[in-house]
Amino acid sequence: GDDDSSSGDRKVTFGYIGDYSGSAALAVAAKQDLWSKQGLKPDLKVFTNGPLQVQALGTKNLDFGYLGPGALWLPATGKAKIVSVNMLGQADRVIARPGSGIAKPADLKGKKIAVPAGTSGDMILNLALRETGLKPSDVSVVPMDPSTVVTAFGSGSVDAAAIWYPLIDNIKKRVPDLVEVTRTEDFYPRLTFPNVFVTQPELAAKDPELVRKVTAVLRAANDWIVANPTESEKITAAFLKLPAAQLAGSTKYVKLLPSAELTKLTQDGTVNGWFDNLADIFVQMDKMPKRDAAKDYYLGDLYAGAGGVPKQ
Amino acid sequence: MSEDTKPARPGGASPDTAEAPSAPGTTAKAPTGRRIPLPKPSSVLLSLCSAALGLLVWIGLTKSGIEDLPGPWAVAKRGAELVEDGTLFDDMGASLRRVLTGYLLGVALAIPVGFAMGWYPIVRRLIDPWIQFFRMVPPLAIIPLAILTMGIDEKPKVFVIFLAAFLSSVVSTYQGVVSVDSTLVNAARVLGAKDRQVFIGVVVPASTPFILVGMRIGLGASWATVVAAELIAAQSGLGFRMQQAQLYYDLPTIFVQLIAIGAIGLVMDRLLLLAERRLTGWQERR
Amino acid sequence: MSEDTKPARPGGASPDTAEAPSAPGTTAKAPTGRRIPLPKPSSVLLSLCSAALGLLVWIGLTKSGIEDLPGPWAVAKRGAELVEDGTLFDDMGASLRRVLTGYLLGVALAIPVGFAMGWYPIVRRLIDPWIQFFRMVPPLAIIPLAILTMGIDEKPKVFVIFLAAFLSSVVSTYQGVVSVDSTLVNAARVLGAKDRQVFIGVVVPASTPFILVGMRIGLGASWATVVAAELIAAQSGLGFRMQQAQLYYDLPTIFVQLIAIGAIGLVMDRLLLLAERRLTGWQERR
Amino acid sequence: MPTISFTEVSRDFALKTGEFHALDRVSLDIHDGEFITVVGPSGCGKSTLMNIAAGLLDATGGTVTVDGEPVHGPSPERGVIFQQYALFPWMTVRKNVEFGLRIAGVGRRERAKTALRIIDLVGLGDFADALPKTLSGGMKQRCAIARAYAVDPKVLLMDEPFGALDALTRVQMQDSLLETWNRDRRTVMFITHDVDEAVYLANRVVVMAARPGRIHRVIPVDLPYPRTEKMRLSAEFADLRREVWNAVYHQPASSERTTP
Amino acid sequence: MPTISFTEVSRDFALKTGEFHALDRVSLDIHDGEFITVVGPSGCGKSTLMNIAAGLLDATGGTVTVDGEPVHGPSPERGVIFQQYALFPWMTVRKNVEFGLRIAGVGRRERAKTALRIIDLVGLGDFADALPKTLSGGMKQRCAIARAYAVDPKVLLMDEPFGALDALTRVQMQDSLLETWNRDRRTVMFITHDVDEAVYLANRVVVMAARPGRIHRVIPVDLPYPRTEKMRLSAEFADLRREVWNAVYHQPASSERTTP
Ligand SMILES: Nc1ncnc2c1ncn2[C@@H]1O[C@H](COP(=O)(O)OP(=O)(O)OP(=O)(O)O)[C@@H](O)[C@H]1O
Ligand SMILES: Nc1ncnc2c1ncn2[C@@H]1O[C@H](COP(=O)(O)OP(=O)(O)OP(=O)(O)O)[C@@H](O)[C@H]1O
Ligand SMILES: [Mg+2]
Ligand SMILES: [Mg+2]
């Protein structure tokens, strides 16, 4: 609903990914007309993955974007700055086929596991292995496309998979009695998988006011979602032109935190801890050589400050 | 006086067409040596048969126990839904716009470049290796580069399609120029034609058949690249929708887009075929 | 007695080649009308020039301020690293195996199918629309289908490449069969050749030039599909590595894979070109 | 019994403007061992008639028999020499000549022997391993003749085989053709543009007329074989030449409609 | 002053086996308004000589001048008729004939008038809008002749232009060519295989010899113009015919090496 806003509004290009967590805040912001309240006019661009958005941030074609937890190494290497935490993903699972003899992470040893490389699925598998003292070389990891995992697991080409909902719902149609070996919640609050909104590295310094305004929009949208989770699923489905059924129940697999609580967690350093923990995993996974400290790339102060702006 | 030496007489107009006099009419016979030609089934009937054949294979595959493979019915239902809520036509419009723009630009560049390569051997030998090189490079690999240089609007999407169309039609164009009969070029030159006139008057029309074949090849390449192109921040489009459906493993939707792409492409291909028939009617054909 | 009617005499062997007697040797002149031919630069020199040209364009692009675009130096360094730790050659091996398998299978099927389509008009009219249809369908869209039917091992990867090679070379093959000179077919038939013999003795050799062009087109299509194919649970391969590098936004690595694919493809293309020259040496050329 | 017998043979072609009668009820008997030449204005149906005899084209009316058998498709019994050579460009001269023998299942050694003998006969001995593209027009034509000879057909159908040859080679080829024919007396139907050639070679000259294609006159040539260079300059030859010339040149006006 | 003057013209072709001398120091003057015919065995360099005069091929030695100017590339002053017609297949007869006029910048109306007049002259009036593929061989050849005539060249270079025509059409075309030539007396260099034709048309017949390509004899034809059908049957004509025939047929053995 930004089309009817006044022409003096500041234009903001915003990237997102066409799934529930990647779109919900923007769908709600559009529906509730939160943008014009901040004098902003969003130009939304849908992407299929995080790295492409970061690339577009680098070429100044995007002002803001959305990253899943698997792409958090990008801000951790200075390629983008995080402006806010969106939701905490709890959809990721390590699942195993019935009869594969896998019931707990330790049973994964020597098994064939399908993983979409560089995603949160990749990470939860790594965590699960580490918890039990297994090395990646102790299992046979088969990297593949997310939708490939569905088929591969369904057809029994692999023993286990590290994947997420709602794709697991698809798998369940064919393998109803699959075993959930590990789930994201198992690691909370030590570790969680936040998905975030990011911006160009320079923009925060050059135009903090803009970043603050955008953050305010995101906070407002987030709080609306926290209050109306089911409604938000419908709005998002409409926004993505998907059948409502496809997103129904999405909120089951995310943890929604009110912005007040997120502010608190930011101020007490918990959020920085999440990011640093994840960054350490990335380093251990050889995704990057060394990490920046979370305080260098998470704009926590701006986030906290955005909460103080009175709604117009 | 035989009337043959005065072909200007009425009634002698059209039949003098025997170019290969030692085998006139043999083309009317199937090369299989059958002597009595089968009654030729109408082309519409054959098209229907062809479509039915495809459908049968599909149903066969569905029934043969491949799980998840959606049957024609499921796909048709999903297609109807997508038509109803307008997305299918929106997506078609968006993709068609991109493909047409990229394709037309690609062909528009391929023709002069192909001519230059055919006309000046030096140009050919300098450029040809690069053309062949880039022909091998996957369009998916071009995307980061396209974003770097062109951002994320329509430009890079159109560019990826443009590149595919250009690379596949330029080769055909220059092969057309190279194979222009040198006798025709000489014939024009002895009539006083200078380079430019030889080029416009002889080389261009003589290579039209090749250019049109190149355009058909380029069309296939353009459509086959549309999914890759729409990975770049597309808001709509058949390729984008297909990608999104892959996120949710929504096979019927993938099939709808797939069929839409194939069908539009096929229609465009048949149009080009018509143009080819029309523009190169002067050719002697088997 | 002139010696011309007794060409069997020594010394009269090779010069009787004037096929187009009214314009012998005119091909030696550039069509630009220049009368004194330029000294022909050696082909090696031209290849070097061509390579240098490409490098210059690249450096120019790098310097022109496109951020992040890696220069030749950065790419060479990354390439050296990848060579050193062995991944580059492993990846090359893996991709080459897939491409070769898929490509050879594709060509091997395209040739008989193309022949059938060219030989039997009914087959052509039934199959041609489907060929054109699938030519438009992006390889990325085939992946879910390939996985459904073939799992995630080497089979679906090879299949995607196979399909690309098949679709692009079948068209050329059947056009070759269709354009076989009917006089040659008749010549064989009046010598007593039956269908099979006409086919093997005339149609196959006469369409070799077309088949080879088709094989070159198919080669490009195969390599251009390798990234899409290696989206399917690949452990190694140039396309897989490129995907991974894209995930981590590692442009120098992408460039290394891109150059590796282009270079291997180019070498294979030149080999095919050689084969073409050799196998179709009987053709009259400009 | 005639070797080739055309009985009321017609051939129509469907055109946009209607039916075109390329041949209209042509009847002609060619006897065993006879040498027939066919002349007539361009487009009068000479090639059409020959293609029907060869089995490469169907008549739309009438019947053609060869040795009493109706013609159904081509056969190695009836050797054809095409106006455009129609050599297989990917085969050497030797391979071209051997093609028909291979089809007939002749063994490798036998094949090579026969081929080389015939290649020598047409004067291409040194070019046995040359590809067609390296041959001059005349040499190509001689190769095509050798290929037809090799399978030793009972009947030879030749469509302007010497059209591309210069006067010199042409005379040579005429003499060599006659020499061969004199030896084995196979039946020959020979189409030509050249009145001189028609008379020099033939037992009988068939003069055709156009629109519709039909036989205008059949002129017997009563010169003895072997024919010689001297005969060509004789008064008798000149008379025949003039007779054929007049038959072609001063044809009565025919019905001029394409659909009479 | 001669119109076309060849002085010691040589042309070598580089072959794998060494240099091949297609022409060896050929000298020939063709006078203004003269009709020269060139005969000789296949491969003796006739086409090569003509192509050099046309400016389509460079001599490797010697000089060629036309009107005193050395030849540098083709020019509409020198009309060429190619052995293989070389019609533009995408143009109708009229467009083909108009092509040279359009190049010369002649206006549309003027162009159409000239073209139609010349098309009528060669007897293709009813086929002005036909595409080449619908023409018979003879009609194609006549269209090519009309195209060369249209630009009204000072010099006509014709490479076996009547090779594809039947005897009938051929005689007609010969007469019509002579008739035109009689009117405007342009210089003509005419290559042919046919000794009869060479004598019938020429002021002088140039007989070439092969290996190396050179001029063997030049035979003047002292028959008056216009030439007639009757003249063809005269004793004088027969004598000339025999003389040319012997010059071609009984050439002295030459050095047989390709590299003498
Ligand atoms: N496939 C065809 N379709 C239509 N008309 C044809 C076809 N083949 C031959 N004709 C016509 O039939 C007539 C006879 O053709 P044919 O080739 O037999 O003539 P010809 O006597 O051999 O002439 P030429 O001396 O030029 O070889 C011609 O007028 C020709 O136009
Ligand atoms: N491009 C070429 N390369 C090599 N040799 C050539 C070339 N062009 C012509 N020749 C040779 O030069 C000689 C003369 O050729 P040219 O075409 O002038 O002969 P011609 O007298 O016109 O013969 P024809 O009567 O067959 O037309 C021939 O022996 C031919 O093989
Ligand atoms: Mg004929
Ligand atoms: Mg010549």
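The structure displayed is predicted, hence computed values, not measured ones. Proteins come first, then strands; the chains are lettered A, B, ... in the order of their sequence lines, and each starts at number 1. For the numbers below, each heavy atom of this structure counts, side chains included, while hydrogens, waters and symmetry mates do not.
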Student: Looking at Ala224(C) and Arg135(B), what are the two nearest heavy atoms and their distance?
Tutor: CB-O, 3.9 Å
Student: Taking Leu167(B), Ile143(B), Leu145(B) one by one, which has the highest count of heavy-atom pairs under 4.5 Å against chain C?
Tutor: Leu145(B)
Student: If you measure from CD1 on Ile217(B) to CD1 on Ile217(C), what distance do you get to the nearest 0.5 Å?
Tutor: 4.5 Å
Student: What pair of heavy atoms forms the shortest contact from Gly262(B) to Val137(C), and how long is it?
Tutor: CA-CG2, 4.4 Å
Student: Identify which of Thr225(C), Asp128(C), Val203(C) forms the greatest number of heavy-atom pairs closer than 4.5 Å to chain B.
Tutor: Asp128(C)
Student: With a 4.5 angstrom heavy-atom cut-off, is it the side chain or the backbone of Phe255(C) that approaches chain B, or both, or neither?
Tutor: side chain
Student: Do you know which of Ile259(B), Leu238(B), Ile142(B) has the most heavy-atom pairs under 4.5 Å to chain C?
Tutor: Ile259(B)
Student: If you define the side chain from C-beta out and look only at heavy atoms, does anything of Arg216(C) sit under 4.5 Å from Val171(B)?
Tutor: no
Student: Select one option (side chain, backbone, both, neither) describing which atoms of Gln243(C) are under 4.5 Å from chain B's heavy atoms.
Tutor: side chain
Student: Find the one option among Phe199(C), Trp223(C), Phe134(C) whose heavy-atom pairs under 4.5 Å with chain B are most numerous.
Tutor: Trp223(C)
Student: Does any non-hydrogen side-chain atom of Phe133(B) lie less than 4.5 Å from one of Asp269(C)?
Tutor: no
Student: By a 4.5 Å heavy-atom criterion (distance strictly below it), what part of Leu219(C) contacts chain B: side chain, backbone, both, or neither?
Tutor: both
Student: For Leu266(B) and Pro129(C), work out which heavy atoms get closest and say how close.
Tutor: CD1-O, 3.6 Å
Student: Measure distances from Ile254(C) to the heavy atoms of chain B and classify the residue's part below 4.5 Å as side chain, backbone, both or neither.
Tutor: side chain
